[in-house]
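Since we're looking at a predicted model, the values are computed, not measured.
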Amino acid sequence: MATLNTKRIEESATHALKGALLRCPTLSAYISENDKTPSWDGQVFVYGSAEQKKSDGILVVPVQVKGTSKHLSAKSVSYSCEISDLRNYYQNGGCILFLVSVDLESQFHKIYYSSLQVYDLKKELDAAGKQQSRSIQLQEFPEDSPNEMANIFASFAQDRSKQTSFVNKELLPLDDLVQKGVKVERLSFTVPGIGFTPYNIGKYVSSHEVYLYAKPEGLDIEIPVDKVKNMMMSRPIFQPVYVAGHKHYDSYSVLHRNGDTLIKIGNGISVRLFEAEKRITLHFKPAGTLSDFIRDASFMVDVFQHKEIEIGTAKFPLNEPDKINIDQYTSSLAYYKDVKKMLDILGVTEELLCIGLTEQDETNLRNFVLAVLYHREIGFPQTKETDTVIHGPFKIANLSIWIWARRQESGKYIIENYFAPHSVAAFAPDDTKCEHPNPTSHFLMMDKTAFTNSSNIDYQCIENDLLATKLTPLLINPATLLLLEMLKAYDEQPDKLTKLLHLAEKTCTWIEKSDVEDGSYTMVLNRMQIAKRQRKLNVSEMLELAQIIESESTADIRCGAYLLLDDGESAQKCFNEMPTEQQKEFLKFPICRFGNLEVVNDA
């Protein structure tokens, strides 16, 4: 009786699958009931058209049908498959495995399937080890959708034709291929063409599994390297987006994700389109930079006010606009426009990133808006009465804003841009009563971090302020140190800024032409190392360095000259003449980047 029931179950399962496939005009099933062929039960032919002409081309898909009387209703199930069957599928180039749950009395059934390509079977067999079986995951077969069923077989047939030649061959992931020196010309995937248009193919790819193929450079093969599920696809549409006749954007993009289609506008706006009802819903999540946010928020306010949007050539009414708090959007937009004005006044040229703003960042932004735009005095923690001026970098999110804060009678401060003219004086060490001020530039207090980590640096302002400052014996050393800090900063910049090197060049000339420059070779070496960062030294410059070496100059000067001439051996000899402590200090100078000096006489 058990054998009879097993036979009825298998026959009912086969009948159910055949009946489902009859709905697909491009498919023709040749599946035997109670078939004794090892590991598979038949084939499904995939035709190029509903007429099923041989001239349209025929693709063949092997199938294996398993039946069960167990009631199944989930979206996906598992089935224990013998390793010997999996190996046979693999050697044959893959197959589609079906599991059909049938009720013999009511003939109710539910069909599940798993597309077992060479790529999948290779992974299962490699993972099996000494196991005699493997649990295979199957998903619900879409028997109510002829196009979807046809696409399953067409897709399998296309991928099978690409993967069969890799039976019994090693299949490596893309990263491993590249590490082995394989140059990949392109990556590709295939999708069937049944019922697809350029507009809905992304919806299919984003809701189905596809195999990724790598084409090695110079070879006419495509190697399966990955299986991607629910790939996200996006394509730009170069058509404008209007609100009430005002163009906000020149383009938008269509995003396909998990079978859904969204229209992406700007950086943070998602539009869900209900084509049948010709309506939309909008979702706004701040993203990108402050400028992006202001643009997107301006668009949202405009949409809420006019209650419609024009995307490309189609107009859509906004769904349920009365539920939107437009005042909240308007107020938020006005505030962040103030933030932008504040940053502009402080000379910030780097964009503020809106993502990841902390509560402290928001507090600092509000305080700076009040201080800079509305001239409110603000407090700084841990300040003393003697802190009449606070200057330096202030961190807000990704920005490092250099400020100049002046203490008021209230004990609080007003905020100004550091990179602006400020009245500063320096006093000699012996002028204990501060009776003889030396007008100076506050930029002489800068170090390399000001050049490498400043969101509002103004090179022209620094240059103008320095050149307007009269150098005195008290200021010559700070000016020279500033020049060296510029060069250190330039060397550390990942993307070299010519503006910084230009500023260093101007600063060097300013020092050399001053009345207090002592005429030593130090500034000659500084001028030469700036030039060497820009280009190769010319003959005249190399002769000048040779004269310095032949003069009775000190070891550090001769060492610097040899470094600029790329004579590392001679530079090391001069370096060895210096005391150990001087060597350690010398290695901090930016000129050392032109050599590889070593401290060899450290006791």
- Message: Once you measure the plane-to-plane angle for Tyr211 and Tyr213, does it fall in the parallel (<30°), tilted (30-60°) or perpendicular (>60°) bin?
- Response: tilted
- Item | The single option from Lys162, Lys215, Gln163 passing side-chain hydrogen bond (donor to acceptor under 3.5 Å, both in side chains) against Glu222 | Lys162
For the residue pair [X] and [Y], confirm or rule out a side-chain donor-acceptor distance under 3.5 Å.
| X | Y | result |
| --- | --- | --- |
| Tyr249 | Asp296 | yes |
| Asn364 | Gln360 | yes |
| Gln91 | Asn168 | yes |
| Asp103 | His109 | no |
| His256 | Thr261 | yes |
| Glu310 | His246 | no |

- Task: For salt bridge (Lys or Arg N to Asp or Glu O under 4.0 Å), just list the numbers for Lys7 and Glu11, CA-CA rounded to whole Å, side-chain angles, deciding distance to a tenth of an Å, and then say yes or no.
- Result: CA-CA 6 Å; Lys7 181 175 182 294; Glu11 289 178 351; 2.6 Å; yes
- Task: Please lay out, stage by stage, how Lys122 and Asp126 fare under the test salt bridge (Lys or Arg N to Asp or Glu O under 4.0 Å).
- Result: CA-CA 6 Å; Lys122 172 70 172 163; Asp126 287 346; 3.5 Å; yes
Taking atom [atom1] of [X] and atom [atom2] of [Y], what is their separation to the nearest 0.5 Å?
| X | Y | atom1 | atom2 | value |
| --- | --- | --- | --- | --- |
| Gln137 | Leu97 | CD | CG | 11.5 Å |
| Tyr112 | Lys110 | OH | NZ | 4.5 Å |
| Gln139 | Ile152 | CD | CD1 | 7.0 Å |
| Leu500 | Tyr490 | CG | OH | 8.0 Å |
| Arg134 | Glu82 | CZ | CD | 14.5 Å |
| Lys66 | Ser101 | NZ | OG | 15.5 Å |

- Item | CA sep, side-chain torsions, deciding dist, call: Thr330, Asp327, side chain to side chain donor-acceptor pair (under 3.5 Å) | CA-CA 5 Å; Thr330 304; Asp327 291 338; 5.2 Å; no
Are any side-chain N or O atoms of [X] and backbone N or O atoms of [Y], one a donor and one an acceptor, separated by less than 3.5 Å?
| X | Y | value |
| --- | --- | --- |
| Ser135 | Ser78 | no |
| Asp176 | Leu172 | no |
| Lys496 | Asp491 | yes |
| Asp361 | Thr358 | yes |
| Ser114 | Leu116 | no |

- Query: For atom CD of Gln107, is the number of surrounding heavy atoms from other residues, nucleotides or ligands below 6.0 Å larger than 12?
  - Reply: yes
- Task: Please check if atom NZ in Lys123 has more than 12 non-hydrogen atoms from other residues, nucleotides or ligands closer than 6.0 Å.
- Result: no
Least distance between heavy atoms, [X] atom then [Y] atom:
| X | Y | value |
| --- | --- | --- |
| Ala29 | Leu21 | CB-CD1, 3.8 Å |
| Ala397 | Leu353 | CB-O, 4.5 Å |
| Ser400 | Asn456 | O-OD1, 3.9 Å |
| Leu86 | Cys81 | CD2-SG, 3.8 Å |
| Lys340 | Ile294 | CB-CD1, 3.7 Å |

- Note on the structure: Residue pairs passing the ring-ring contact (aromatic ring centres under 6.0 Å, His included) test with at least one member in residues 121-148, sequence neighbours excluded, are Phe98-Phe141, Tyr113-Phe141
Quick one, [X] and [Y] - any side-chain contact, counting heavy atoms below 4.5 Å?
| X | Y | result |
| --- | --- | --- |
| Val60 | Val44 | no |
| Leu290 | Tyr336 | yes |
| Glu351 | Ser291 | yes |

- Task: Determine, stepwise, if the pair Ser270 / Lys264 fulfils side chain to side chain donor-acceptor pair (under 3.5 Å).
- Result: CA-CA 5 Å; Ser270 299; Lys264 302 288 289 184; 2.9 Å; yes
- Note on the structure: Which of Val100, Ile31, Ile9, Val102 passes side chain to side chain contact (heavy atoms under 4.5 Å, CB included) with Thr14? It is Ile31
